[in-house]
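Beneath this line is the structure, given in structure tokens, with notes to follow.
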Number of protein chains: 2
Amino acid sequence: MAISQEISYRLERLILDGGLAPGQKIPSERQLAARLSVSRAVIREALHELQGRGVIETRHGKGSFVASIVPNTDAMGEPGPLMHLFEGHPRTLYDLLEVREQLEGQAAFLAAQRATSIDKHRITKAFKALEDTDPLSNARPDHGFHLAIVEASHNPVLVHVLNSLKNMMLMTVQASVANLNPREEMRKKIVRQHRQLYEAVMEGKPAVAQKVATAHVRFVSEAMRNMEKEGSKVIRMPVPGDIPARDSLQNPH
Amino acid sequence: MAISQEISYRLERLILDGGLAPGQKIPSERQLAARLSVSRAVIREALHELQGRGVIETRHGKGSFVASIVPNTDAMGEPGPLMHLFEGHPRTLYDLLEVREQLEGQAAFLAAQRATSIDKHRITKAFKALEDTDPLSNARPDHGFHLAIVEASHNPVLVHVLNSLKNMMLMTVQASVANLNPREEMRKKIVRQHRQLYEAVMEGKPAVAQKVATAHVRFVSEAMRNMEKEGSKVIRMPVPGDIPARDSLQNPH
DNA sequence: ATTAAAAACTGGTCTGACCAGTGTCCAGTG
DNA sequence: CACTGGACACTGGTCAGACCAGTTTTTAAT
């Protein structure tokens, strides 16, 4: 194996095993090169590898620093090996929505087909909560409504996959409702879509439910696209310097 | 932003957006350096970054190659977040196929819509391998054919999700082809379905491709259901120490 | 035609130089 | 005295050319 890779592994293990804390500065390239008796080039290559892996961040004139490790582990679903796809690639968001469009439609279809009276009760409850809520803070009800429908599909695999996708979205996007609702026309359209979806599921019309749900996701997706064109930042990228405050631990002056 | 990062970004977008297909060779470092008017060093740094991100693989003396998207990263021994769903619930297999039906259809749709000439070449190659193979041992070609189509969709999220589902299936089911092919009528039907799918994708008929792919999965699913009724064991419970070859995706050599 | 050596690729490493940001520290200024 | 400015000593970023080490292709001898 190449030297640069051995070094990148050694450094990564050093970091992950706790030898170096997030935000902490890594020795300079020249120091590492001297210390490990290799050229500066291989050090730089090793560091770039770690950089690509998100383990460190490098700032011109300052040095390289251990990146804050993904704060996962919370009750939410796995951060996933997919996360790296997002870094700097807004397009992936739309890939994601493209898939969601399909699955959300299927969920609606199955829900309309299989929902039991208990499911329907839950869906109704969630729907009313959605209607009664202040548009400004209705991210949670919105989620709850869709979740109720997905669960009514009685397909655990579907539930899991959609849940994963949603978690991935939450990590990259400001909640869509929070972005879209402020615009009155859009808000009204979304409310109508929700109502149509609700009714189709309750009345047991799978084909209609699927169509409405698919259209709903597509609508949201395109709305985001437009907003992006208008300059609003939809994607939230990891920005250097976004890893603040930890430096204070480090520089004793 | 540093030049090396701009380059790595450009290359990655090129790859994800379909300019370069998995397994394909990337121009040599010296060529890239000359073409982009930068030193070889920055090219190497950019490539190391992509390497760290798992986008490419480099082999001494041969060159750098686009990695099969979503190869592993979480691989090796991970039981997987979903595995617990299966324990003692054969039904989940059909839930899984239900979802796959939808996604495989979408993949076919997108592939028919977006496949580049390179994609088409790979698909054709996989298809011919499928036709030329002894039905008894054609689990791999079958997999390769479907994978080629999915990757031609140029939606990394879709690739990842389907790959996850497929891994789950491999852990629970004897490869469907191995079960189904012995029955001559079924084998013929499946071969015809494959051919239809192939032609629809190659001729750029998204709607047809989607329909055929969906029908194909459904057919396999129902065939399994029937076999189960007849007493054949389809489900294979996960056994410790089983964890079969996840590397099934890895290509090029 | 077969085979073995040679040449022409590929990536991997080294060296030493210079450019470009950042922070420090000290002299000269008000 | 406080303050500003600039030299200087860091940091990473880029460049050039050389050579080593695998791989493939071409060539030449059998």
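Order of the sequence lines sets the chain letters (A, B, ...), proteins ahead of strands, with each chain counted from 1.
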Original post:
Quick one: B:Phe65 CZ to C:dT10 C1', roughly how many Å, whole number?
Top reply: 9 Å
Original post:
So what does A:Leu47 touch, heavy atoms closer than 4.0 Å: a base, only the sugar-phosphate, or nothing?
Top reply: nothing
Subject >> Interatomic distance where CZ belongs to B:Arg30 and P belongs to C:dT10 [whole Å] >> reply: 7 Å
Original post:
Any chance NZ of B:Lys205 has more than 12 other-residue heavy atoms, nucleotides or ligands included, within less than 6.0 Å?
Top reply: no
Original post:
Between C:dT13, C:dA20, C:dG11, which nucleotide has the shortest distance from any of its atoms to the side chain of A:Val42?
Top reply: C:dT13
Original post:
So which one's nearest nucleotide on DNA chain C is more toward 5', A:Ser4 or B:Gly61?
Top reply: B:Gly61
**OP:** With salt bridge (charged side-chain N to carboxylate O under 4.0 Å, His left out) as the test, would you mind laying out the steps for B:Glu6 and B:Arg10 before giving the verdict?
**Re:** CA-CA 6 Å; B:Glu6 286 179 12; B:Arg10 278 176 59 180; over 6 Å; no
**OP:** Write down the distance between CZ (B:Arg40) and C1' (C:dG11), rounded to a whole number of angstrom.
**Re:** 6 Å
Original post:
Choosing from C:dG12, D:dA16, D:dT11, which nucleotide comes nearest the side chain of B:Ser39?
Top reply: D:dA16
Original post:
From the list D:dG12, C:dC14, C:dG11, which nucleotide is the closest neighbour of the side chain of B:Glu29?
Top reply: C:dG11
Original post:
Atom CD1 of B:Ile43 to atom C1' of C:dT10: distance rounded to whole Å?
Top reply: 15 Å
**OP:** State whether the distance check finds a donor on one side and an acceptor on the other, under 3.5 Å, for side chain A:Arg59 versus base C:dG21.
**Re:** no
Original post:
Can you find a pair of side-chain heavy atoms, one from A:Leu97 and one from A:Glu101, that are under 4.5 Å apart?
Top reply: no
**OP:** Compare the minimum distances between each of C:dT13, C:dC14, D:dT14 and the side chain of B:Ala2, then state the nucleotide with the smallest one.
**Re:** D:dT14
Subject >> Distance in angstrom units between A:Ile7 CD1 and C:dC14 C1', rounded >> reply: 13 Å
**OP:** Evaluate the ring planes of B:His194 and B:His146, with Trp represented by its six-membered ring, and classify them as parallel (under 30°), tilted (30 to 60°) or perpendicular (over 60°).
**Re:** perpendicular
Subject >> Sub-4.5 Å side-chain heavy-atom contact between B:Asp119 and B:His154 >> reply: yes
Subject >> Nucleotide of D:dT14, D:dT11, C:dT13 approaching A:Ser28 most closely (side-chain heavy atoms) >> reply: D:dT11
Original post:
From the list D:dT14, D:dT11, D:dC15, which nucleotide is the closest neighbour of the side chain of A:His60?
Top reply: D:dT11
Subject >> Value in whole Å for how far the P atom of C:dG12 lies from CD of B:Glu45 >> reply: 13 Å
Original post:
Reckon B:Gln5 touches a base, only the sugar-phosphate, or nothing at all at heavy-atom distances under 4.0 Å?
Top reply: nothing
Original post:
Are A:Gln31 and D:dT11 close enough that a side-chain N or O sits under 4.0 Å from OP1 or OP2?
Top reply: yes
Original post:
B:Arg44 CZ to C:dC14 P: how many Å, rounded?
Top reply: 11 Å
Original post:
In whole Å, what is the span from the CD1 atom of A:Ile26 to the C1' atom of D:dG12?
Top reply: 13 Å
